[in-house]
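Comments concern the structure below.
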Amino acid sequence: MTHKLLTFGALALAVSASNVAAERNLSIYPAAQCAAFWLGYADYARVSAYLDHDPRDHIRADAYRSVAYRLATAPRADIEAYVSEQRPLMETMMDAVIYGSDGPSRDVFERLTKTCKDFGQKHPETRDL
């Protein structure tokens with residue numbers, strides 16, 4: 001399997017899971033998705049020559065996770081399972097954006113960062129990140 005196919009498959013899974021979850025509860029999307037995004041970003045930064053590792057990425061992830069818990073539209077176990085499932089997909093997306101210069105991955109990245117920023121501005125845990 002080529003890197004590009006893996007990337008498109010991972011992103012398709014991430015986006016489809018997020019869209020379905022968005023219709024059901026805010027704890028999963030966008031809160032848990034944003035937590036997974038920041039964890040995946042941090043994971044990629046830790047091994048990438050292109051990004052500096054920033055410990056605040058874990059703080060951001062924890063803050064979004066806290067929002068997910070507070071909203072309580074999903075059980076904590078479901079939130080944690082979702083974050084665990086999505087985290088490596090977010091790392092793959094970062095690789096596709098930064099190393100692979102993949103346009104569709106960049107589009108997903110940009111949409112997700114905007115969604116997280118907009119959502120984060122509405123919650124005290126994430127407002128000042």
Side-chain angles (χ1 to χ4, degrees):
M1 179 178 292
T2 69
H3 181 270
K4 194 170 226 172
L5 289 175
L6 175 63
T7 301
F8 287 142
L11 290 175
L13 178 60
V15 172
S16 66
S18 296
N19 290 339
V20 170
E23 296 175 14
R24 288 186 267 175
N25 62 68
L26 294 174
S27 287
I28 299 296
Y29 185 88
Q33 184 72 59
C34 294
F37 170 79
W38 284 111
L39 289 170
Y41 187 96
D43 292 344
Y44 184 74
R46 194 172 47 250
V47 299
S48 172
Y50 300 103
L51 290 179
D52 291 328
H53 185 283
D54 184 347
R56 292 175 296 177
D57 295 338
H58 289 280
I59 293 168
R60 290 178 185 98
D62 289 344
Y64 280 101
R65 183 181 276 130
S66 293
V67 172
Y69 293 161
R70 180 177 52 78
L71 294 174
T73 59
R76 282 186 181 222
D78 290 355
I79 292 166
E80 288 305 316
Y82 188 81
V83 170
S84 293
E85 172 190 292
Q86 293 292 301
R87 182 178 184 170
L89 299 177
M90 298 298 102
E91 184 179 6
T92 300
M93 177 183 67
M94 293 308 305
D95 185 56
V97 169
I98 294 171
Y99 183 73
S101 299
D102 181 62
S105 298
R106 180 169 303 285
D107 292 345
V108 172
F109 172 82
E110 289 173 2
R111 266 183 287 159
L112 188 54
T113 54
K114 181 176 179 357
T115 296
C116 293
K117 180 181 178 185
D118 292 348
F119 180 77
Q121 290 175 348
K122 299 174 186 174
H123 299 279
E125 299 92 334
T126 52
R127 190 172 294 132
D128 295 326
L129 296 177

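Nothing here was measured: the structure is a model prediction, and the numbers come from that model.
Tyr99 contributes no side-chain N or O that, together with a main-chain N or O of Tyr50, makes up a donor-acceptor pair within less than 3.5 Å.
The shortest heavy-atom contact between Met93 and Val108 is SD-CG1, 3.6 Å. Annotation for Ala42 and His53: closest pair O-CD2, 3.8 Å, computed over non-hydrogen atoms. Minimum interatomic distance between Ser105 and Ala96 (heavy atoms only, all atoms of both residues): OG-CB, 3.3 Å. Closest heavy-atom contact between Thr115 and Pro30: CG2-CB, 3.8 Å. What you find for Ile79 and Ala68 is that their closest heavy atoms are CD1-O, 3.6 Å. The two residues Ser27 and Ala31 make their nearest non-hydrogen contact at O-CB, 3.6 Å.
Taking OH of Tyr29 as the start and CD of Gln86 as the end, the distance is 10.5 Å to the nearest 0.5 Å. With rounding to the nearest 0.5 Å, the separation of CD in Glu125 from CZ in Arg65 is 13.5 Å. Going from atom SG of Cys34 over to atom CE of Met90 covers 10.0 Å, rounded to the nearest 0.5 Å. Rounded to the nearest 0.5 angstrom, Leu71 CG and Ile28 CD1 are separated by 10.5 Å. Note that CH2 of Trp38 and CG of Asp54 are 8.5 Å apart. Values are rounded to the nearest 0.5 Å. Here the CG-CG distance, from Leu39 to Asp57, works out to 9.0 Å after rounding to the nearest 0.5 Å.
When only modelled atom types and interatomic distance are considered, Tyr82 and Gln33 share a side-chain donor-acceptor pair under 3.5 Å.
At least one side-chain heavy atom of Tyr44 sits under 4.5 Å from a side-chain heavy atom of Ile98. Residues His123 and Arg127 are not in side-chain contact: their nearest non-hydrogen atoms beyond the backbone lie 4.5 Å or more apart. Two residues are said to be in side-chain contact when any heavy atoms from C-beta on lie closer than 4.5 Å; Cys116 and Tyr64 meet this criterion.
Remark: Asp43 pairs with Arg46, Arg87 by the salt bridge (Lys or Arg N to Asp or Glu O under 4.0 Å) rule, at least two apart or across chains. By the ring pair (Phe, Tyr, Trp, His ring centres under 6.0 Å) test, Phe109 pairs with Phe37, sequence neighbours left out. Take Glu110 and apply the salt bridge (Lys or Arg N to Asp or Glu O under 4.0 Å) test, not counting sequence neighbours, and it matches no residue.
Residue-environment remark: CZ (Arg56) stays at or below the threshold of 12 foreign heavy atoms within 6.0 Å. Counting heavy atoms of neighbouring residues, nucleotides and ligands inside a 6.0 Å radius, atom CG of Asp118 exceeds 12 of them.
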